[in-house]
Amino acid sequence: MKNLSDINVIKSVMGRHGVTFNKGLGQNFLIDPNVCPDMADNADLDENTCAVEIGPGVGVLTAELAKRAGKVLSFELDDRLLPVLDETLAEFDNVEIINQDILKADLPKIFEEKCKDMDIAVCANLPYYITSPIVMLFLENKLPVKSITVMVQKEAADRLCAEVGSRDGGAVTVAVSYYAHSEELFFVPRESFLPPPKVNSAVIKLTLRDKPPVDVPDEEFFFKVVKAAFSQRRKTAENSISAGLGVPKAQVAEALEKAGLEKTVRAEKLTMENFADITRILAEI
Ligand code: SAM
């Protein structure tokens with residue numbers, strides 16, 4: 001098998017098929033030979049697991065997934081890469097490339113058809129321009145996924161894996177913690193890619209919870225409150241929740257007080273339990 005993290009191999013296979021890098025699709029391909037085996041080793045793969053990849057590029061991570069998983073479903077939007085992948089992954093009979101935009105694919109139907117009765121684990125070097133939508137797609141939609149091990153921009157990794165109630169936290173942090181345990185696995189410098197992007201990266205792992213850490217009567221309203229609270233980070237939670245939800249300030253103040261919180265508290269200081277309490281009390285008011 002060819003070394004797909006070798007710059008000369010990447011350039012030659014792309015050249016043979018007339019493919020150039022498309023920056024708009026986030027095409028920065030891994031050239032550090034240690035990163036993909038490390039990612040795949042951390043991705044909970046075995047014979048009964050279907051690995052789901054977003055964006056195989058020339059197939060460097062796909063090959064490592066194929067060695068460890070029963071099956072690999074890999075979504076690639078750029079059809080110019082299909083003949084490249086036919087060539088680079090020819091030795092694997094457990095890989096299926098799906099030429100679709102991951103954000104538009106009918107995932108429940110595809111999983112039902114192609115990996116029925118298998119566990120599903122997501123593992124990918126994500127196209128960074130759609131990191132949050134992809135992560136939220138797998139977290140929110142009650143898909144039968146056990147874990148998500150992905151490479152993202154370092155700043156996104158810090159935010160996604162921050163503790164709720166800490167300075168790095170945001171609405172997406174609360175959403176991640178609601179659905180999953182998160183950990184930042186390792187740092188990957190920008191020089192590990194061809195072409196090198198402007199930013200460094202990190203690999204994170206999100207392991208989905210069996211049930212959320214807090215009980216909320218209405219998940220949709222809970223996330224509305226969270227989004228509203230973080231919508232104006234410099235303002236107090238009272239002001240931003242009131243403005244974001246269109247609810248009178250006095251009601252929000254009452255909810256904060258009943259939840260045992262200071263009027264001047266900011267969203268970044270609120271814990272998951274605080275958000276759940278505020279949601280419950282506001283729903284009652
Ligand atoms: N896995 C390869 C690697 O690590 O070298 C390539 C990763 S590259 C950062 C991102 C890949 O995602 C590219 O192959 C790109 O064409 C693909 N991609 C971009 N947007 C996509 C989308 N909406 N759906 C599916 N694939 C997409």
Side-chain angles (χ1 to χ4, degrees), residues 1-14 17-43 45 51-69 72-89 92 95-107 110 121-138 148-154 156-157 185-186 188-204:
M1 141 138 231
K2 281 192 185 134
N3 177 0
L4 296 173
S5 58
D6 182 313
I7 296 182
N8 293 323
V9 171
I10 298 172
K11 283 186 175 162
S12 112
V13 73
M14 288 177 69
H17 293 279
V19 182
T20 48
F21 290 97
N22 181 333
K23 228 174 143 184
L25 287 180
Q27 289 181 351
N28 303 95
F29 296 167
L30 269 163
I31 51 168
D32 178 334
N34 299 314
V35 172
C36 292
D38 270 4
M39 285 180 75
D41 280 344
N42 276 290
L45 303 177
V52 172
E53 184 186 22
I54 301 97
V58 298
V60 63
L61 176 60
T62 326
E64 297 303 322
L65 301 177
K67 289 180 203 164
R68 294 164 177 81
V72 182
L73 288 184
S74 189
F75 292 81
E76 177 54 66
L77 177 58
D78 186 352
D79 52 14
R80 301 173 311 151
L81 288 168
L82 302 184
V84 171
L85 291 161
D86 272 347
E87 182 183 327
T88 57
L89 300 172
F92 298 104
V95 176
E96 188 171 341
I97 306 293
I98 302 182
N99 182 207
Q100 285 186 35
D101 181 336
I102 187 66
L103 297 177
K104 296 192 181 141
D106 185 347
L107 293 178
I110 293 172
V122 176
C123 187
N125 172 13
L126 291 183
Y128 293 175
Y129 71 105
I130 43 174
T131 297
S132 289
I134 294 177
V135 170
M136 292 319 296
L137 173 76
F138 286 103
I148 303 170
T149 307
V150 283
M151 172 100 66
V152 299
Q153 184 176 332
K154 175 72 172 91
L185 296 181
F186 53 90
V188 183
R190 56 190 284 278
E191 300 79 34
S192 305
F193 299 87
L194 178 75
K198 291 203 177 79
V199 294
N200 291 315
S201 297
V203 175
I204 63 167

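Side chains included, hydrogens not; waters and symmetry mates left out as well; all remaining heavy atoms used. When a ligand or atom number is given, it counts from 1 through the structure's own listing order. What you are looking at is a predicted structure, and each value in this text was computed from that prediction instead of being measured.
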Check each heavy atom of Tyr128 against ligand 1 and say whether those closer than 4.0 Å belong to the side chain, the backbone, both or neither.
neither
Can you name the atoms of ligand 1, numbered from 1 with element, that are less than 4.0 Å from a heavy atom of Gln100?
24 (N), 25 (C)
Taking only non-hydrogen atoms of Gly26 and a 4.0 Å limit, the atoms of ligand 1 in range are 8 (S), 9 (C), 10 (C)
Once you restrict to heavy atoms under 4.0 Å, what part of Asn28 touches ligand 1? Side chain, backbone, both or neither.
backbone
Please work out, at 4.0 Å between heavy atoms, whether the side chain, the backbone, both, or neither of Leu126 comes within that distance of ligand 1.
backbone
Test side chain to side chain donor-acceptor pair (under 3.5 Å), reference Gln27, set Thr20, Asn22, Asp78, output is Asp78
In ligand 1, the atoms that come under 4.0 Å of a heavy atom of Gln27 are 13 (C), 15 (C), 16 (O)
Flag, side chain of Asn125 to backbone of Val150, donor-acceptor distance under 3.5 Å:
no
Glu76 heavy atoms within 4.0 Å reach ligand 1 at atoms 13 (C), 14 (O), 15 (C), 16 (O), 17 (C), 26 (N)
When you look for heavy atoms under 4.0 Å from ligand 1, do you find them on the side chain of Ala124, its backbone, both, or neither?
neither
Ligand-side contact atoms (ligand 1) for residue partner Glu53, heavy atom cut-off under 4.0 Å
1 (N)
Numbered atoms of ligand 1 (with element) below 4.0 Å of Ile130, judged on heavy atoms
23 (N)
